[in-house]
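I have placed the structure first, in the form of structure tokens, so that the comments after it can refer back to it.
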Amino acid sequence: MTLHIYNTLTRQKEVFKPIEPGKISMYVCGITVYDYCHIGHARVLVAFDVITRFLRSQGWDVNYVRNITDIDDKILNRADENGELYSDLTQRMIDAMHEDEQELGILPPDMEPRATAHMDEIITMVQILVDNHYAYATDNGDVYYRVSRFPEYGKLSNRNPDDLLAGARVAVGDIKEDPRDFALWKGAKSGEVSWESPWGPGRPGWHIECSAMSTCCLGDTFDIHGGGPDLPFPHHENEIAQSEAATGKKYVHYWMHAGAVRVDDEKMSKSLGNFFTIREVLKKYHPEVVRYFLLSSHYRSPISYSEDNLMEAKGGLERFYTALRPFAAVSAASLGDLKGSEYYQRFVGSMNDDFNSREALAVMYDLVREINTVAKTDIKQAEGLVAELKAMGAVLDILGTDPEAFMQGSSLVDGANSLEAEQIEALIADRVAAKKARDFSRADAIREELLSQGVVLEDSREGTTWRRE
RNA sequence: GGCGCGGUAGCAAAGUGGUAAUGCAGUGGACUGCAACUCCUCCAUCGUCGGUUCGAUUCCGACCCGCGCCUCCA
């Protein structure tokens with residue numbers, strides 16, 4: 001089956017053609033580590049995690065690089081506010097980010113380069129640009145990219161360079177030749193952290209670190225470059241300008257951008273201050289609910305973070321886990337054994353179509369219905385289908401929780417005022433006794449009491465099970 | 001103003017030139033001591049107006065509405 005990817009550069013879905021057969025080199029813009037990661041970050045992280053997992057499941061040899069930007073004005077400002085060393089701040093935030101990723105089931109990238117560990121490559125690239133007149137140094141030790149020298153500027157974000165000129169902000173006393181020019185290197189003011197360079201002590205501008213790190217990890221040209229919704233302009237546009245001017249080669253074949261996370265119809269962003277950190281959200285919702293929520297829309301569509309939508313995600317997962325509950329012992333099928341399965345074919349087809357995870361989930365729900373139907377008459381066959389469902393879940397890294405644990409514990413926090421499992425079990429035992437004595441009013445009273453505590457009982461031939469609403 | 005994305009059932013969300021997946025909620029039924037779960041059933045003329053076509057939600061145009069980028073933000 002053919003892989004199709006929507007390419008921001010061409011604004012259309014394209015057949016994916018790797019540079020090297022069977023291999024995919026992918027660079028995703030990671031986090032600038034000056035604060036905790038929010039749900040918007042989580043979306044990008046989860047999207048590319050699922051993309052990587054799926055591609056690998058189909059036999060692609062993926063080399064996944066995601067950088068950490070650990071030097072930047074915002075980092076310095078925040079460290080200053082906190083009265084701590086910038087490197088202490090970034091290390092703290094990197095540790096926190098790794099914790100968040102682990103909670104959400106995000107695999108580490110193959111390489112996680114840090115800007116401060118690649119100063120030599122950054123300076124070398126700036127030097128090349130200066131040597132080729134694509135950049136110029138100013139008296140204060142800054143170095144700027146000369147946008148007018150790069151005629152293709154604007155090709156990713158579909159902007160006309162002249163319009164950009166008209167719209168560009170011109171700061172008073174600007175030392176740039178052209179308002180569109182952007183900083184490659186910023187000369188240090190006294191007391192600021194700095195690195196030695198041919199232009200004096202300073203630090204890199206925002207965009208150059210990604211050009212330098214992607215090139216040194218993946219080469220001058222690589223397959224996929226990804227990132228968040230606000231990166232095409234100016235960040236990725238500038239990366240193209242820097243890299244293609246420095247190497248003379250095409251920088252990236254496929255550009256991929258995730259959609260925005262919204263709150264109350266507005267983009268969640270640092271500048272609006274309407275963001276929710278991952279750790280904050282995980283106090284309210286099971287990690288798998290968050291992951292499922294992010295997968296229940298196409299990665300490029302905008303999604304709304306809201307209580308309703310998260311609860312809906314929980315409800316959707318419960319349908320899966322309800323079906324899986326009697327089959328906890330069944331393990332996932334190996335994908336190689338599923339080649340002939342119609343469900344698996346559809347699942348792969350959906351994911352190959354620009355990673356349509358929502359459609360892939362719809363296939364899994366169809367499978368759930370068949371499992372529930374078949375389970376009534378043919379356990380053996382049902383087990384086969386369950387193994388298949390778990391295999392698909394594993395590709396997306398969902399459905400890996402013990403079903404019983406998920407059903408009984410997926411409602412976090414309300415834990416404070418709710419019953420302990422032992423109390424619930426005790427009440428169930430009372431109710432079983434009441435039922436045996438055919439004292440149904442007592443049995444119903446117990447059920448009602450538990451329900452009022454958010455606990456739902458389910459009787460079956462095998463006995464009574466419970467779950468939290 | 002420039003560039004781009006989107007408007008599909010109560011909500012969420014896929015998709016297709018031949019009258020529309022899936023999940024939650026809702027309807028009716030089977031099952032159940034009663035429920036829950038499960039299964040079956042029902043529930044949308046796909047923003048508006050034109051055009052192309054034998055036929056459009058799907059293609060084209062106009063319009064209305066929402067959103068994003070254009071400045072730091074994933």
Side-chain angles (χ1 to χ4, degrees), chain A residues 8 11 28-32 34-35 37-48 72-74 77 154 157-160 162-164 166-169 171 206 226-235 237 257-262 265-273 275 292-293 296-298 300-304 306 308-309 311-320 322-323 325-326 346 350 353 356-376 407 435 438-441 443-444 447-448 451 455-461 464-467 469:
Chain A
T8 308
R11 271 153 278 129
V28 173
C29 283
I31 314 294
T32 300
Y34 70 101
D35 204 344
C37 293
H38 58 62
I39 287 294
H41 296 113
R43 184 170 201 198
V44 175
L45 260 14
V46 169
F48 285 98
D72 157 274
D73 288 357
K74 275 201 284 294
N77 292 339
S157 52
N158 196 27
R159 265 152 239 255
N160 180 327
D162 295 336
D163 293 344
L164 287 168
R169 243 204 284 191
W206 175 33
D230 33 29
L231 295 184
F233 189 91
H235 185 57
E237 199 69 71
H257 294 94
V261 176
R262 295 179 183 167
D265 255 12
E266 269 188 323
K267 195 179 87 159
M268 179 185 294
S269 75
K270 293 283 179 68
S271 46
L272 289 170
F275 63 91
Y292 178 93
F293 162 67
S296 60
S297 297
H298 185 88
R300 282 189 283 115
S301 308
I303 52 173
S304 290
S306 70
D308 283 355
N309 289 344
M311 289 313 286
E312 195 171 303
K314 179 172 176 289
L317 267 181
E318 275 169 355
R319 179 162 168 80
F320 282 122
T322 302
R325 216 171 178 180
R346 286 170 59 206
S350 301
D353 183 13
N356 193 335
S357 55
R358 177 62 182 214
E359 199 165 80
L361 288 171
V363 174
M364 291 168 70
Y365 280 116
D366 286 343
L367 184 51
V368 164
R369 175 167 301 115
E370 186 163 351
I371 288 169
N372 287 334
T373 301
V374 166
K376 291 172 185 167
M407 298 302 283
K435 274 175 62 175
R438 304 199 65 78
D439 182 357
F440 293 121
S441 65
D444 289 350
R447 194 218 306 283
E448 283 306 313
L451 190 59
V455 176
V456 181
L457 299 187
E458 292 170 0
D459 295 338
S460 75
R461 223 169 267 178
T464 300
T465 56
W466 62 274
R467 65 184 162 88
E469 279 189 312

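The analysis underlying the following values was restricted to heavy atoms, covering all of them including side chains, and did not include hydrogens, waters or symmetry mates. Being a predicted model, the structure only gives us computed values, none of them experimental. Lettering follows sequence order; numbering is per chain, from 1.
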May I have the distance from [X] (atom [atom1]) to [N] (atom [atom2]), rounded to whole angstrom?
| X | N | atom1 | atom2 | value |
| --- | --- | --- | --- | --- |
| A:L457 | B:U32 | CG | C1' | 14 Å |
| A:D439 | B:C34 | CG | C1' | 13 Å |
| A:D230 | B:G68 | CG | C1' | 9 Å |
| A:Y34 | B:C73 | OH | P | 8 Å |
| A:E312 | B:A13 | CD | P | 8 Å |
| A:Y292 | B:A12 | OH | P | 15 Å |
| A:R346 | B:G15 | CZ | P | 14 Å |
| A:M364 | B:C24 | CE | P | 14 Å |

Under 4.0 Å: is that the gap between some side-chain N or O of [X] and OP1 or OP2 of [N]?
| X | N | value |
| --- | --- | --- |
| A:K267 | B:C69 | yes |
| A:R325 | B:U38 | no |
| A:R369 | B:C37 | no |
| A:N372 | B:C37 | no |

Once side-chain hydrogen bond (donor to acceptor under 3.5 Å, both in side chains) is applied, do any residues pair with [X], and if so which ones, sequence neighbours excluded?
| X | value |
| --- | --- |
| A:T464 | A:D459 |
| A:S296 | none |
| A:R325 | A:E404 |
| A:S297 | none |

Could you check which of [options] has an atom nearest any side-chain atom of [X]?
| X | options | result |
| --- | --- | --- |
| A:F440 | B:C39, B:A13, B:G33 | B:G33 |
| A:H41 | B:U22, B:A36, B:A74 | B:A74 |
| A:R447 | B:C69, B:A74, B:G33 | B:G33 |
| A:A362 | B:U38, B:A74, B:A21 | B:A21 |
| A:D444 | B:G33, B:C24, B:A74 | B:G33 |
| A:K376 | B:U22, B:C70, B:U38 | B:U38 |
| A:K435 | B:A13, B:G33, B:C39 | B:G33 |
| A:W206 | B:U22, B:A14, B:C73 | B:C73 |
| A:F233 | B:U22, B:C37, B:C69 | B:C69 |

Contacts of A:W206 that satisfy ring-ring contact (aromatic ring centres under 6.0 Å, His included) - sequence neighbours left out =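 A:H235.
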Output all residues satisfying ring-ring contact (aromatic ring centres under 6.0 Å, His included) with A:Y34, sequence neighbours left out; order by chain, then residue number.
->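 Per chain and number, A:Y34 pairs via ring-ring contact (aromatic ring centres under 6.0 Å, His included) with no residue.
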Nucleotides 41-43 of chain B: which of its N/O atoms have a protein N/O under 3.5 Å away?
none

The side-chain contact (heavy atoms from CB on, under 4.5 Å) partners of A:S304 (sequence neighbours excluded) come to A:R262, A:N309
NA contact type, A:D265, heavy-atom cut-off 4.0 Å: base, sugar-phosphate, or nothing?
->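 Sugar-phosphate: the residue A:D265, judged by heavy atoms under 4.0 Å, touches backbone atoms but no base.
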NA contact type, A:S269, heavy-atom cut-off 4.0 Å: base, sugar-phosphate, or nothing?
-> base
Between [X] and [Y], is there a donor-acceptor pair closer than 3.5 Å when you use the side chain of the first and the backbone of the second?
| X | Y | result |
| --- | --- | --- |
| A:R43 | A:A258 | no |
| A:N356 | A:E359 | yes |
| A:K267 | A:P229 | no |
| A:E237 | A:S157 | yes |

Validate the cation-pi geometry between A:R319 and A:Y365: distance from NZ or CZ to the six-membered ring centre under 6.0 Å, angle to the ring axis within 45°.
-> no
Shortest non-hydrogen contact between A:V363 and A:S350, atoms and distance =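 Shortest heavy-atom contact: CG2-OG, 4.3 Å.
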Pairs under 3.5 Å (N/O, protein and nucleotides 3-6 of chain B):
unit_1	atom_1	unit_2	atom_2	d
B:C3	O3'	A:N158	ND2	2.8
B:C3	O2'	A:N158	O	3.2
B:C3	O2'	A:N158	ND2	3.3
B:G4	OP1	A:N158	ND2	3.3

Using a cutoff of under 3.5 Å, can you pull out all pairs of nitrogen or oxygen atoms linking the protein to nucleotides 25-30 of chain B, with atom names and distances?
none

Taking only residues at least two apart or on different chains, which pairs with a member in residues 367-376 of chain A satisfy side-chain hydrogen bond (donor to acceptor under 3.5 Å, both in side chains)?
-> A:Y343-A:E370
Give the stems involving RNA chain B, where a stem is 3 or more consecutive Watson-Crick or G-U wobble pairs (i with j, i+1 with j-1, and so on) under 3.5 Å.
->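 For RNA chain B the paired stretches long enough to count as stems (3 pairs minimum) are B:1-7 with B:64-70, B:10-12 with B:22-24, B:28-30 with B:38-40, B:47-51 with B:59-63.
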